Number of protein chains: 2
Amino acid sequence: MVQKNFKCDNCIENKDSVFNVLTPQEKEQLLKSHTCTFFKKGDIIFKEGDRPSGLICLSEGKVKVFKEGVGGREQIIRMAKPFGFIGYRALFAGGNYISSAVAIEDCTICVVEKDILIRLIRTNGDLSLGIIQAFASELGFSNSRTVTLTQKHIRGRLAESLIFLHDTFGYEQDDATLKVYLSREDIANLSNMTTSNAIRTLSTFASEGVISIDGRKIKVMDHYKLQRISDLG
Amino acid sequence: MVQKNFKCDNCIENKDSVFNVLTPQEKEQLLKSHTCTFFKKGDIIFKEGDRPSGLICLSEGKVKVFKEGVGGREQIIRMAKPFGFIGYRALFAGGNYISSAVAIEDCTICVVEKDILIRLIRTNGDLSLGIIQAFASELGFSNSRTVTLTQKHIRGRLAESLIFLHDTFGYEQDDATLKVYLSREDIANLSNMTTSNAIRTLSTFASEGVISIDGRKIKVMDHYKLQRISDLG
DNA sequence: TTATCTTTGTGTTATAAAACACAATTACAA
DNA sequence: TTGTAATTGTGTTTTATAACACAAAGATAA
């Protein structure tokens, strides 16, 4: 974890940012009160029980957010890419983190001080509404996941995860290869299954021509079929 | 669904309300712009796909909020009692409802117009923060549920549900009987299991002296043991 | 370069929980 | 009040998936 003293303006200035509604002066406050840090692949950014210090924005790299369940079994509940936020739930709920975040690629994150953020929310109604809307979407996602992870069968769960990975990270230039390279274990932890079953089911999908696999590179060959497997459950 | 033209001030004025931070004038606006409605036990308050018209507050009765999953199988994701809100996620996310709400007792609900609410959020920072905090808590709950419903075994899931019912609705005067009377099917749909298994496992708990059952009346005899079953998974 | 650890892959066994089938009871409506 | 439907309860069978065991390939470090 190396401190860097550059400004990663993108976290605040990118076109999809909730901070777009801020005035130039307000943005300036944020830019002044943020710190940037570098994390190596595999590093823990925060873990269950830690106290949140501020709003974390991912400037570079990818992150998995997970909870540990029965017997330490890991369930991935979110994945983040630039310029998404992580750990904001605990920040606003007031307590400590109830999930952990680990870099799945080398990452740069920047942290905005909590006090500054709260002050901005209090004074800028549009920012408030943006944050409320973000939470509402995230809650909808979480509720949907609860149902599909409990009700769908292995094939449906894995298919849904692959679609989720596409929705989140998109494809490479070939318009087919998922732009994220996860271990089979991570794919399993995302899909609520054992690593063996993730491996096995990925192989089955490949033999059915739905995807093709080359190490951690997953190519979606038949998006429609994948969607159908996901929908069937 | 009978229209009633009384004012159910409690939704806005009760001591735990997020609206407590409003000025008297702001409260007056809310009171003027709300409508109250009566629902019989079993009535649908809203269902998946409906468009939210305003913020729904439960003034009397109890409500289950659920999603339909694979093959129409119902998963209860929330339960509400006075003076809790329901359906606010869709309201703020902007789309239609992705869950349904059904009265499990005769209910009175009041609805605050969306526009008024948005206007208040825009101008009152403390209200914004209160709503953001409510969302953050709810999201934490949902994430935790995802993990326990997928990872815990039947006994653990049922035990957790009973504890949840206690946390939400409390005990009767005897300090042991759950203050909510659900069908075995609802208990099953809350705990992600079949009705048969809910019935069976409740019986087992009773024979172990953890609870005692009399129809839909569930008495918690050994709260510590119940917590242990839940924790073990 | 070799040794060690991690990840991937595959076959087999064990088991938790669903699915099914059918009483018995209770609620409800005609 | 009698018939019908819904709910509760229990035993049996089936099945999806975890658990286990081990081999092969790759990555990592000494």
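Proteins get letters first, then strands, A, B, ... in listed order; numbering begins at 1 in each. Since we're looking at a predicted model, the values are computed, not measured.
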J.: Separation of B:Arg184 atom CZ from C:dT25 atom C1', in whole Å?
T.: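 The distance from CZ of B:Arg184 to C1' of C:dT25 comes to 12 Å, rounded to the nearest Å.
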
J.: Is it true that the side chains of A:Lys152 and A:Ser230 contain a donor and an acceptor less than 3.5 Å apart?
T.: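 Yes - a donor-acceptor pair under 3.5 Å links their side chains.
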
J.: Can you confirm whether A:Ser161 sits close enough to A:Ile187 that some side-chain heavy atom of one is under 4.5 Å from a side-chain heavy atom of the other?
T.: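 Sidechains of A:Ile187 and A:Ser161: no contact.
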
J.: Is it the case that the side chains of B:Asn143 and B:Thr146 hold a donor-acceptor pair, with the cut-off being a distance below 3.5 Å and no angle test?
T.: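 No pair is found: no donor N or O on one side chain lies under 3.5 Å from an acceptor on the other.
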
J.: Starting at atom CD1 of B:Ile199, determine the distance to atom P of C:dA19, rounded to an integer number of angstrom.
T.: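 These atoms are roughly 15 Å apart.
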
J.: Go through residues 202-213 of chain A and report each residue with a non-hydrogen atom lying under 4.0 Å from DNA chain D, sorted by number.
T.: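 Correct list: empty, so none.
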
J.: Rounded to the nearest Å, what distance is computed from the CG atom of residue A:Leu149 to the P atom of nucleotide D:dT17?
T.: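 Checked: the CG to P distance equals 12 Å.
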
J.: Output the rounded distance in Å from NZ (A:Lys41) to P (C:dT7).
T.: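 My rounded result for the distance is 10 Å.
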
J.: Checking A:Ser142 against B:Ser142: is there a side-chain donor and acceptor pair closer than 3.5 Å?
T.: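 Checked: B:Ser142/A:Ser142 side chains pair up, N/O donor to acceptor below 3.5 Å.
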
J.: Find the distance A:Glu185:CD to C:dG9:P and express it as a whole number of Å.
T.: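 To the nearest whole Å, that distance equals 14 Å.
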
J.: Please verify the inter-ring angle class for A:His166 with A:Tyr171; under 30° counts as parallel, over 60° as perpendicular, anything in between as tilted.
T.: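 The rings of A:His166 and A:Tyr171 lie parallel, inter-plane angle below 30°.
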
J.: Between C:dT25 atom P and B:Asp214 atom CG, what is the distance in whole Å?
T.: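 Taking CG of B:Asp214 and P of C:dT25, I get 16 Å after rounding.
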
J.: Do the rings of A:Phe46 and A:Tyr97 sit parallel, tilted or perpendicular, given the 30° and 60° boundaries?
T.: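 Geometry flag for A:Tyr97 against A:Phe46: parallel rings.
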
J.: For A:Asp186 and C:dT6, what is the distance between atoms CG and C1' respectively, to the nearest whole Å?
T.: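 Interatomic distance, CG of A:Asp186 to C1' of C:dT6: 13 Å.
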
J.: Between D:dT8 and B:Arg216, is there an OP1 or OP2 to side-chain N/O distance shorter than 4.0 Å?
T.: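 It does, given that an N or O in the side chain of B:Arg216 lies less than 4.0 Å from OP1 or OP2 of D:dT8.
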
J.: Quick one: are the ring centres of B:Phe92 and B:Phe135 less than 6.0 Å apart?
T.: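 Judged by ring-centre distance (under 6.0 Å), B:Phe92 and B:Phe135 do meet the cut-off.
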
J.: Do the non-hydrogen side-chain atoms of B:Phe39 and B:Ile44 ever get within less than 4.5 Å of each other?
T.: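 Not in contact.
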
J.: In sequence, state the C-alpha distance, the side-chain angles, and the governing distance for A:Glu138 and A:Arg78, and then conclude on salt bridge (charged side-chain N to carboxylate O under 4.0 Å, His left out).
T.: CA-CA 9 Å; A:Glu138 181 68 15; A:Arg78 279 191 73 214; 3.3 Å; yes

J.: Using atom CZ of B:Arg155 as one end and atom C1' of C:dT15 as the other, report the distance to the nearest whole Å.
T.: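 So the CZ-C1' distance, B:Arg155 to C:dT15, works out to 16 Å.
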
J.: Would B:Lys62 pass as a cation-pi partner of B:Phe169, given that its NZ or CZ must be under 6.0 Å from the six-membered ring centre and within 45 degrees of the axis?
T.: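 The answer is yes; both the distance and angle limits are met.
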
J.: Per the end-axis method with five pairs at each terminus, what is the bend angle of the helix from C:dT1-D:dA30 to C:dA30-D:dT1, to 10°?
T.: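 Comparing the axis at each end, I get an angle of 40°.
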
J.: Please examine the side chains of B:Arg157 and B:Thr148, heavy atoms only from C-beta on, and report whether any two atoms are closer than 4.5 Å.
T.: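 Not in contact.
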
J.: List every contact pair, protein side and nucleotides 18-25 of chain D side both N or O, where the distance is under 3.5 Å.
T.:
| residue | atom | partner | partner atom | Å |
| --- | --- | --- | --- | --- |
| D:dA18 | OP2 | A:Thr194 | OG1 | 3.4 |
| D:dA18 | OP2 | A:Asn197 | ND2 | 2.4 |

